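Worksheet: the structure to be examined is printed underneath.
What you are looking at is a predicted structure, and each value in this text was computed from that prediction instead of being measured.
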Amino acid sequence: MTFTGWAKDHRRHIGGTIVTIAWLLPILWFAMAYAGLPRIWSHHEHKKGKPLGDAVAYTAQDIPGDPINLKIDGSGAAIEAAMQRGGWVKADNVSVVSGLKIGGSVILGRPYPDAPVSPLFFNDKQQDFAYQHDEGRSADRRHHVRFWEVEPNHWVASATFDRGVGISLYTLQITHHIGPNVDQERDTVARILAKGQPISLVSLPGASQGGLRRNGGGDKYLTDGKVAQINLGSQRNR
C-alpha cells in the first residue's frame, strides 16, 4: 500500500471513530444521568416517605430535593387566591408540550409565566400544585413554591428561587439550580399568604438544624432550619 492510500484509510478510520463517539456520548450521558447515577443516589439515601420532621422534599428517584419551609392551615382555594392576589401564576403540569415550551423559553428568552416545575415528593405524594413568579424575560430565573396537602386543610410547602438552568452536580441531569437564600424565599411567600397576619417561625419535631446544605442537584443553600407557620383560617374576606 502506498503512503497516500494508507493516509486515506487512516483518515477514514479516524473519521469513523469520531462519528461513533459522537453517537455514543449522548447515549452514555443519558444512561448515566437518568438511570445509573440516580439509582446510586437512591440507594445511598433511602429517605423517601420520611415524616414531616425531615423537612425535605424528594425526587422520584428518592434523592433529596428542596427544603420544606412553610406550614399552612387553611383550604387549597384560600392558598391559591392569596398567591394569585400576590401576582404569582399557577404552574402548568409537566408534559411533552410544556417541556418543549419551557425549553424554548430558556433558550430563546421568551416569557412563559406558567412554566412547569419538576415533580417533588413529600410522604410519597407529588405536590398538589405550584406557583411561580418570573424574574426576567424567561423561565430561566423565577421564584416558585410547591404545595402538598398532608391532611385535610393542612399543608406544607417549599419555596425556592431558580437562578438558572444547568447540569446537576450529582446526576448530570438538566435542571434548574436553586439560589442559596431559601429563607428569603420562605419569608416572601409567607408574607403573601399571611396578608398582614402574624407569622410564626417554628422548628418541626425531628427536623435537622439550620446551616449550609445541598439539594439533590448539588446546589448549596443556607437556612435557619425553621418553617413559617400561617393560619389562613384566622383571616377574613380572603
Side-chain angles (χ1 to χ4, degrees), residues 55-60 65-95 97-99 101-103 105-106 110-123 125-165 175-197 199 201 215 217 219 221 223 227-233 235 237-238:
V56 178
Y58 285 79
T59 71
D66 297 344
I68 298 295
N69 50 19
L70 294 118
K71 186 174 182 290
I72 308 107
D73 294 331
S75 68
I79 292 174
E80 296 204 56
M83 297 306 299
Q84 290 166 14
R85 279 194 303 269
W88 289 46
V89 180
K90 190 173 186 177
D92 282 346
N93 293 325
V94 175
S95 67
V97 173
S98 65
K101 288 175 67 177
I102 193 172
S105 171
V106 171
R110 294 176 176 174
Y112 187 5
D114 48 353
V117 300
S118 59
L120 289 181
F121 294 82
F122 187 79
N123 285 352
K125 179 184 179 183
Q126 183 176 322
Q127 71 260 14
D128 291 272
F129 52 84
Y131 274 80
Q132 65 177 29
H133 184 73
D134 285 348
E135 184 178 285
R137 295 179 55 190
S138 74
D140 184 37
R141 292 170 58 85
R142 58 181 179 172
H143 307 269
H144 65 291
V145 55
R146 297 174 176 87
F147 294 91
W148 293 263
E149 189 172 29
V150 292
E151 295 178 4
N153 290 330
H154 295 288
W155 301 74
V156 296
S158 173
T160 56
F161 175 70
D162 283 339
R163 56 182 172 83
V165 174
T175 184
H176 272 95
H177 290 297
I178 67 168
N181 196 344
V182 296
D183 292 348
Q184 178 177 303
E185 298 299 308
R186 172 199 68 195
D187 296 344
T188 297
V189 174
R191 286 192 294 269
I192 293 173
L193 293 171
K195 292 175 54 182
Q197 297 291 320
I199 300 171
L201 292 180
N215 71 357
D219 303 325
Y221 63 90
T223 177
V227 300
Q229 185 168 283
I230 303 105
N231 186 358
L232 296 181
Q235 299 180 18
N237 300 321
R238 59 181 183 271

Arg186 side chain reached by Leu201 side chain, heavy atoms, under 4.5 Å: yes
Interatomic distance, Ile192 atom CD1 to Gln84 atom CD [nearest 0.5 angstrom]: 12.0 Å
Approximate separation, where rounding is to 0.5 Å, of Gln132 CD and Met83 CE: 10.5 Å
Residue from Glu80, Arg146, His143 passing side chain to side chain donor-acceptor pair (under 3.5 Å) with Tyr131: Glu80
Qualifying residue, where the test is side chain to side chain contact (heavy atoms under 4.5 Å, CB included) with Ile79 and the options are Asp128, Ile72, Leu70: Ile72
Leu232 backbone acceptor or donor facing Lys195 side chain under 3.5 Å: no
Trace of the side-chain hydrogen bond (donor to acceptor under 3.5 Å, both in side chains) decision for Thr223 with Asp183: CA-CA 6 Å; Thr223 177; Asp183 292 348; 2.8 Å; yes
Straight-line distance of Asp187 CG to Ile199 CD1, nearest 0.5 Å: 7.5 Å
Partner of Phe161 by side chain to side chain contact (heavy atoms under 4.5 Å, CB included), out of Arg142, His133, Arg141: Arg141
Flag, side chain of Gln127 to backbone of Leu120, donor-acceptor distance under 3.5 Å: yes
Check: Arg163 side chain, Ile178 main-chain N or O, donor-acceptor pair, under 3.5 Å: yes
Approximate separation, where rounding is to 0.5 Å, of Tyr221 OH and Thr160 OG1: 10.0 Å
